[in-house]
K.L.:
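To start, I am sharing the structure in question, which I have written as structure tokens.
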There are 2 protein chains.
Amino acid sequence: MVRVSSASAAEPSRPARVSGIDKIERRRVALAESALKTLGELGYARTSLREIANNSEFTHGVVHYYFRDKVDLISYCVRYYKTKCAQRYDEVVETAGSAEELAAGFLSKMAQTLVEETPMHRLWYDLRAQSMFEEQLRPDVAAIDQLLEEMIWRILTRYADLSGTEPAVDAPTAYALVDGLFEQAVVNYAADPAGARDLLTGRVEQVLPKLVYSA
Amino acid sequence: MVRVSSASAAEPSRPARVSGIDKIERRRVALAESALKTLGELGYARTSLREIANNSEFTHGVVHYYFRDKVDLISYCVRYYKTKCAQRYDEVVETAGSAEELAAGFLSKMAQTLVEETPMHRLWYDLRAQSMFEEQLRPDVAAIDQLLEEMIWRILTRYADLSGTEPAVDAPTAYALVDGLFEQAVVNYAADPAGARDLLTGRVEQVLPKLVYSA
DNA sequence: GACTTTGCTTGACACTTGTCAAGAAATCTC
DNA sequence: GAGATTTCTTGACAAGTGTCAAGCAAAGTC
């Protein structure tokens, strides 16, 4: 489990009672969730602290009570987000009994998250781009990239296993390829929400077998 | 040839002489080039018109003399950029006499542009991400994506030709895959400028043969 | 050389931004 | 329930933003 709380926040002197620290943490999470919703809608650049506060039940001063500054908040959000996104396919990987079943489960889950969590994916690609310019974001972004790479790698190795063969590319390559397809789908989704889904599944389906040696 | 000038700019009433319109166009290009330099350095979000003017030989008022507003400028920049980037590999495609030669030329050119035009690539991925939030950018971004897809497709079909076979994926898929690898390299380049180059070439080398049917 | 058009500079405007601080409100402690 | 502590609200600040307009400089026109 990732300890999101050990961040670099102001850490106001903690109250004596045990529930206090948790309460603070819960407020942080609530703020982060609200912030993520706004961020996903508007993107990193256009999201101000006031906008985040407006779209939440809090006022803009509260943000500064729980986070040192904007980067601290965004950073926290990214780390919070991270803990939620990289285990999406784990169940599919564990329960699939054949390569076809795994592929089908992966594809359907992928299409589902594309549709249901579009804003989050948009935000992710935005943040990764921002990290190229804003050094402070790089560690967090790199950590998520790592997590996602491992996620894809788990899927691919299991897929190869079930096919009685081995991956034909290494982990970073596999991740870059699948991510390229997914990002394309996310970008296209803005223009054509209806078609993007099927195009994605079709393309991943096309590519997946090429990532392992033929059995 | 793309007519960049037919944009939506203010279009001040043109002087009678023929050189006048060209002079305006040349100023626009000069401003765009300066803006692109700043944009590549700072990214879309952090680049203000004043910053663009400061890093150029002009003052911030001139920008508004030649461009209606900020989006008009950025839009123009993107379209100007587009005309320069999608023909990078054309010479390699035309002169290569064998599949290996084509692959080698492609890889070396790709590595070269990664290193020499890093800011431009960063900016491109930034802009594409922004286009998911800013509708006005979408047409321009989509046009560039299209151009790049065709570029990759020219390379792949020629590569298949020279190998005496055919592409095993369609154009959008091929583009998404290669682009995934390239974007990963651009992001990594920020953290590790030395290693990113070789990692990219290695990975593309690994993948390229899998995009065509084995001869 | 006067006059008009074009090109550019400067300074201002309305607005948004992140940040902070003073104090009200709520909560806890005894 | 009084007092202390935590939590939150409100209003303000300086800095930065896009935009524009008034006026100066330069170039072209007759």
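Residue numbers start from 1 in every chain, and the chains themselves are labelled A, B, ... in the order their sequence lines are given, proteins ahead of strands.
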K.L.:
Are any of the side-chain nitrogens in Arg128(A) or Glu183(B) under 4.0 Å away from the carboxylate oxygens of its partner?
P.N.:
yes
K.L.:
Could you tell me whether the phosphate oxygens of dT7(D), OP1 or OP2, come under 4.0 Å of any side-chain nitrogen or oxygen in Tyr65(A)?
P.N.:
yes
K.L.:
Which nucleotide in the list dC8(D), dG7(C), dC20(D) gets nearest to the side chain of His60(B)?
P.N.:
dC20(D)
K.L.:
Between Leu73(A) and Ile52(A), is a side-chain contact (heavy atoms from CB on, under 4.5 Å) present by the stated rule, with each step listed?
P.N.:
CA-CA 11 Å; Leu73(A) 167 62; Ile52(A) 290 175; 3.8 Å; yes
K.L.:
In terms of the nearest nucleotide of DNA chain C, which residue is placed more toward the 5' end: Glu57(B) or Val71(A)?
P.N.:
Glu57(B)
K.L.:
dC8(D), OP1 or OP2 - any side-chain N/O from Arg27(A) closer than 4.0 Å?
P.N.:
yes
K.L.:
Please tabulate, one pair per line, all N/O donor-acceptor pairs under 3.5 Å involving side-chain atoms of residues 187-198 of chain B, not counting sequence neighbours.
P.N.:
unit_1    : atom_1 : unit_2    : atom_2 : d
Asp192(B) : OD1    : Ala194(B) : N      : 3.4
Asp192(B) : OD1    : Gly195(B) : N      : 3.2
Asp192(B) : OD2    : Gly195(B) : N      : 3.4

K.L.:
Do the charged groups of Arg46(B) and Glu51(B) touch, with an N to O distance under 4.0 Å?
P.N.:
no
K.L.:
Using salt bridge (Lys or Arg N to Asp or Glu O under 4.0 Å) as the criterion, list what pairs up with Arg138(B), not counting sequence neighbours.
P.N.:
none
K.L.:
Could you label the plane-to-plane angle of the Phe182(A) and His121(A) rings as parallel, tilted or perpendicular, counting under 30° as parallel and over 60° as perpendicular?
P.N.:
perpendicular
K.L.:
Report yes if at least one side-chain N or O of Tyr66(A) is closer than 4.0 Å to OP1 or OP2 of dT7(D); otherwise report no.
P.N.:
no
K.L.:
Side-chain contact, heavy-atom cut-off 4.5 Å: Tyr89(B) with Met110(B)?
P.N.:
yes
K.L.:
Between Arg68(B) (CZ) and dG18(D) (P), how many Å, whole number?
P.N.:
15 Å
K.L.:
In whole angstroms, how far is the C1' atom of dC8(C) from the CG atom of Leu31(B)?
P.N.:
11 Å
K.L.:
Could you state the atom-to-atom distance from CZ of Phe67(B) to P of dC20(D) in whole Å?
P.N.:
15 Å
K.L.:
When the distance from CZ of Arg28(A) to P of dT7(D) is rounded to whole Å, what number comes out?
P.N.:
11 Å
K.L.:
How many whole angstroms separate atom CD1 of Ile52(A) from atom C1' of dT19(C)?
P.N.:
14 Å
K.L.:
Taking only N/O atoms, report every protein-nucleotides 14-18 of chain C pair under 3.5 Å with atom names and distance.
P.N.:
unit_1  : atom_1 : unit_2   : atom_2 : d
dT17(C) : OP1    : Ser48(A) : OG     : 3.4
dG18(C) : OP1    : Lys70(A) : NZ     : 2.9
dG18(C) : OP2    : Leu49(A) : N      : 3.0
dG18(C) : N7     : Arg50(A) : NH1    : 2.7
dG18(C) : O6     : Arg50(A) : NH2    : 3.1

K.L.:
Round to a whole Å and report the spacing from CG of Asp72(B) to C1' of dT19(D).
P.N.:
14 Å
K.L.:
I need the CG-P distance between Asn54(A) and dT10(D), as an integer number of Å.
P.N.:
12 Å
